[in-house]
Amino acid sequence: MNIHEYQAKQLLATYGVATPQGRAAMSVDEAVKGAAELGGPIWVVKSQIHAGGRGAGRFSNDPSGAGGVRVVKSIDDVRDNAAKMLGSTLVTKQTGEAGKEVQRLYIEEGCDIARELYLGMLLDRASSRLVVMVSTEGGMDIEEVAEHTPEKILKVTIDPAVGMMPFHARQLAFSLGLEGKQVNAAVKFMLAMYKAFTELDASIVEINPLVVTGSGDIVALDAKMNFDDNALYRHAEIAQLRDLAEE
Ligand code: ADP
Ligand code: MG
């Protein structure tokens, strides 16, 4: 079962994973109210659909217009863009030609991005071990990175009997070229994400991009989570999201 970006961020945040402030919205009014609460001066209006590639995607009613993730600088622009996106169909590399109708938005505070990295955790069925993957090529389609420049993806396999240890996270942080306080921030981030992954019986958690901000913080700018349907009975709070997820 797949959930929306904002739902994944809310779940991850309860485990201590750093995420920007944001507000979910099902209407233009909610988008404006959320934007006012966040305060600005920069907001990002993000389409919530069950597919990636939203930023580079295009709306079927405005194929030469802006994509499904828009950075804006006023509440009027939040309103205008929310009105254009809600109810429209977003076509991305992952939706197929039919696209997906945008029924909800996430209004997020604008982030000062210094670097975009990639961090993924997934269950390797064959070995039933968790694999952590990182890459300096964040914000890009990771399948393409894997195909064309596989040397830019580093993988660490976690023994379930031991779990993810700080040294695993430090090794991954150094391989991303993080330094100073960024290293500890990344270690804390990865261990919190690992805890969320295992306790929630996720099958994949993908943060693309994982961002280093101008002030050296580490935050999840995007989040994708999938769950093993057979374990959902253990997680009422996630199973509840299913209706929304399969709208
Ligand atoms: P998708 O992967 O579906 O295109 P993302 O959430 O990764 O959607 O957003 C696409 C891009 O938009 C990101 O790589 C980032 O550059 C930018 N972006 C997303 N959220 C924010 C934000 N809160 N502040 C600034 N830029 C953002
Ligand atoms: Mg993304």
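Values below: all heavy atoms of this structure, side chains included; hydrogens, waters and symmetry mates excluded. In each ligand, atom 1 is the first atom listed, and ligand 1 is the first ligand listed.
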List ligand 1 atoms under 4.0 Å from [X], heavy atoms only on the residue side.
| X | value |
| --- | --- |
| Asp222 | 1 (P), 2 (O), 5 (P), 6 (O), 7 (O), 8 (O) |
| Glu116 | 13 (C), 14 (O), 15 (C), 16 (O) |
| Arg54 | 1 (P), 3 (O), 4 (O), 5 (P), 6 (O), 8 (O) |
| Val44 | 21 (C), 22 (C), 23 (N), 24 (N), 25 (C) |
| Gly55 | 1 (P), 4 (O) |
| Gly52 | 3 (O) |
| Gly110 | 24 (N) |
| Asn208 | 7 (O) |

For [X], which part has a heavy atom under 4.0 Å from ligand 1: side chain, backbone, both, or neither?
| X | answer |
| --- | --- |
| Glu109 | backbone |
| Cys111 | both |
| Glu108 | side chain |

Quick check: closest heavy atoms across [X] and [Y], and the distance to 0.1 Å?
| X | Y | value |
| --- | --- | --- |
| Ser88 | Asn61 | OG-ND2, 3.0 Å |
| Gly214 | Ala114 | N-CB, 4.1 Å |
| Phe59 | Gly67 | CE1-O, 3.5 Å |
| Thr95 | Ala51 | CG2-CB, 3.6 Å |
| Leu119 | Phe189 | CD2-CE2, 3.7 Å |

Ignoring hydrogens, tell whether any protein atom lies closer than 4.0 Å to atom 11 (C) of ligand 1; use the non-hydrogen atoms only. no
If you round to the nearest 0.5 Å, how far is [atom2] of [Y] from [atom1] of [X]?
| X | Y | atom1 | atom2 | result |
| --- | --- | --- | --- | --- |
| Lys9 | Met225 | NZ | CE | 13.0 Å |
| Met85 | Gln48 | CE | CD | 9.0 Å |
| Thr149 | Glu137 | OG1 | CD | 6.0 Å |
| Leu210 | Leu221 | CG | CG | 9.0 Å |
| His168 | Met190 | NE2 | CE | 12.0 Å |

Suppose we screen for salt bridge (charged side-chain N to carboxylate O under 4.0 Å, His left out). Which residues come up paired with Asp141, at least two apart in sequence or across chains? Lys93
Under 2.8 Å from the Mg ion (ligand 2), which protein N/O/S atoms are there? Asn208 O, Asp222 OD2
Could you find the nearest protein heavy atom to [atom] and give me its residue, atom name and distance?
| atom | answer |
| --- | --- |
| atom 18 (N) of ligand 1 | Leu221 CD2, 3.8 Å |
| atom 26 (N) of ligand 1 | Ile113 CD1, 3.6 Å |
| atom 19 (C) of ligand 1 | Lys46 NZ, 3.5 Å |

Evaluate Val69 for polar contact with ligand 1, using N/O atom pairs at a separation under 3.5 Å. no
Taking distance alone, with no angle check, do Val71 and ligand 1 share an N/O pair under 3.5 Å? no
Any heavy atom of Gly53 closer to ligand 1 than 4.0 angstrom? yes
Donor-acceptor side-chain pairing of Glu206 and Tyr118 below 3.5 angstrom: yes
Step-by-step salt bridge (charged side-chain N to carboxylate O under 4.0 Å, His left out) determination, Asp62 to Lys84: CA-CA 9 Å; Asp62 186 15; Lys84 285 186 183 131; over 6 Å; no
Is it the case that more than 12 heavy atoms not belonging to Glu179 sit under 6.0 Å from its CD atom? no
Name the one of Leu241, Ile204, Asn226 that satisfies side-chain contact (heavy atoms from CB on, under 4.5 Å) with Asn2? Asn226
